[in-house]
Protein chains: 2
Amino acid sequence: MPSRGPLAASKPTTLPKPTMTLLKDFRHIILYGLILAILVFALKWLQWKFLIFDNSIDIYIGLVSVFFTVLGIWIATQIVKPKVETVIVEKEIIVTQPEKFIINETELKKLNLNSREYEILQLLTKGHSNADIAQTLFLSLSTIKTHVSNLYFKLDVKSRTQAIEKAKRLKIIE
Amino acid sequence: MPSRGPLAASKPTTLPKPTMTLLKDFRHIILYGLILAILVFALKWLQWKFLIFDNSIDIYIGLVSVFFTVLGIWIATQIVKPKVETVIVEKEIIVTQPEKFIINETELKKLNLNSREYEILQLLTKGHSNADIAQTLFLSLSTIKTHVSNLYFKLDVKSRTQAIEKAKRLKIIE
DNA sequence: ATGCGTTTGGTACTAAAGTATGAGCAAGTT
DNA sequence: AACTTGCTCATACTTTAGTACCAAACGCAT
């Protein structure tokens, strides 16, 4: 077996490809022709030699039969191209990809945060204070506090640092 | 070609597997024997028929040759298992690895945090309150506050959320 | 219209975080 | 011995965060 990757191969797929027959090229045809010609001469010689013994015609025929049978077999092995089995082996390549952050939509939906709460959560993780967020979103501090409290309830946490930790752990925030 | 993955195949490796021969079972042997017996009778008949015309011995031999050649080929196709070439095609699959965290030692040294401060920073990012940290490290709340304040000074931030954000951004904490 | 959820905002209060300052103590350095 | 540094702890204070409860305005669907 050739060298393979660190991970094992799996799911080998067999693809039978019965490509049949045909002589490879004209050189073979000429070669076969020559062989046959030589055989004709040999047979002629044998014919005359064996005809001296009239009874030996059976032996002669037998030899011819065997010879041509073997010849046929040999020709068959030459003209039949092998089946090709293609085995596809899956080779896994491990790639460390530079932070392709994917938001965990499943978790995010489970938490059922509304748009404001999620917006505030994003600012929260950036280290903004409630007052900052209020200014950014043009809302009163009270509103922010309400949203933040609801956010904590939904996230099942008790402080903004816990909220940040959980949000990042659940990958619902970058 | 069959359907393949998103990535192109590469490095096809050829493994010649010449699996040879042998009759499948005894039934075949008996079958071949019978066929040969029939052939012998046929030949005998042909022999006598053609001997009437003395000159036609060449034609007779020719027919025998052709017949047994074809027979040989046929036998070969029956008894010789096809050669099988196995082509292994490696199909590459990209696997993204979940990114190993590497602490940015350079930044960490620049900040010049002492061991306690770094320890507290770690607990901070996990969402622990000052009281929690005090309990964990068997220190008074005052001590934690002092350390945390010094930490903020060194990190140039004004709150624990900012500290967390900066620490993660600088990759000095997991 | 009525009900529901979202968003907004308020008051009052408690808890926690953060600042400022001072001080004790052990270990190592000059 | 005097000094520095890292770590500890305390007090007093301000600021921010967080909780609880309430309520108005709005959009939307039954």
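The sequence lines fix the lettering, A, B, ..., with proteins before strands; numbering per chain opens at 1.
Side chains of S140(A) and T143(A): a donor on one and an acceptor on the other come within 3.5 Å.
For the segment residues 134-152 of chain B, residues with any heavy atom less than 4.0 angstrom from an atom of DNA chain D are, sorted by number, L139(B), S140(B), S142(B), T143(B), T146(B), H147(B).
For the pair I164(B) CD1 and dA17(C) P, the interatomic distance rounds to 11 Å; values are reported in whole Å. Atom CG of L124(A) is separated from atom C1' of dG18(D) by 12 Å (rounded to the nearest Å). Distance I133(A) CD1 to dG18(D) C1': 13 Å, rounded to the nearest Å. To the nearest angstrom, P of dG6(D) lies 12 Å from CG of L113(B). In this structure, the NE2 atom of H128(B) is 21 Å from the P atom of dA17(D), given to the nearest Å. Distance, K158(A) NZ to dA17(D) C1': 14 Å, rounded to whole Å. Between D156(B) atom CG and dT19(C) atom P the separation is 12 Å, expressed in whole Å. Rounded to whole Å, the distance from CG on L155(A) to P on dA17(D) is 17 Å.
Rounding to the nearest 0.5 Å gives a distance of 4.0 Å between OG of S159(A) and CD of Q162(A). Interatomic distance, R160(B) CZ to S129(B) OG, rounded to the nearest 0.5 Å: 7.0 Å. Rounding to the nearest 0.5 Å places CG of L121(B) at 8.5 Å from CD1 of I164(B). The NZ atom of K126(A) lies 10.5 Å from the CD1 atom of I133(A); values are rounded to the nearest 0.5 Å.
The phosphate of dT5(D) has neither OP1 nor OP2 within less than 4.0 Å of any side-chain N or O from N114(B). Listed pair R116(A) / dT8(C) meets the phosphate criterion, a side-chain N or O lying under 4.0 Å from OP1 or OP2. Note on R160(A): a side-chain N or O is less than 4.0 Å away from OP1 or OP2 of dA17(D).
Remark: K154(A) NZ is packed, more than 12 non-hydrogen atoms of other residues, nucleotides or ligands lying under 6.0 Å away.
Picking from dG18(D), dA17(C), dT7(C) the nucleotide with the shortest atom distance to the side chain of S115(A) gives dT7(C).
For the pairing with L111(A), the side chain to side chain contact (heavy atoms under 4.5 Å, CB included) check across D156(A), L151(A), L155(A) returns one residue only, L155(A).
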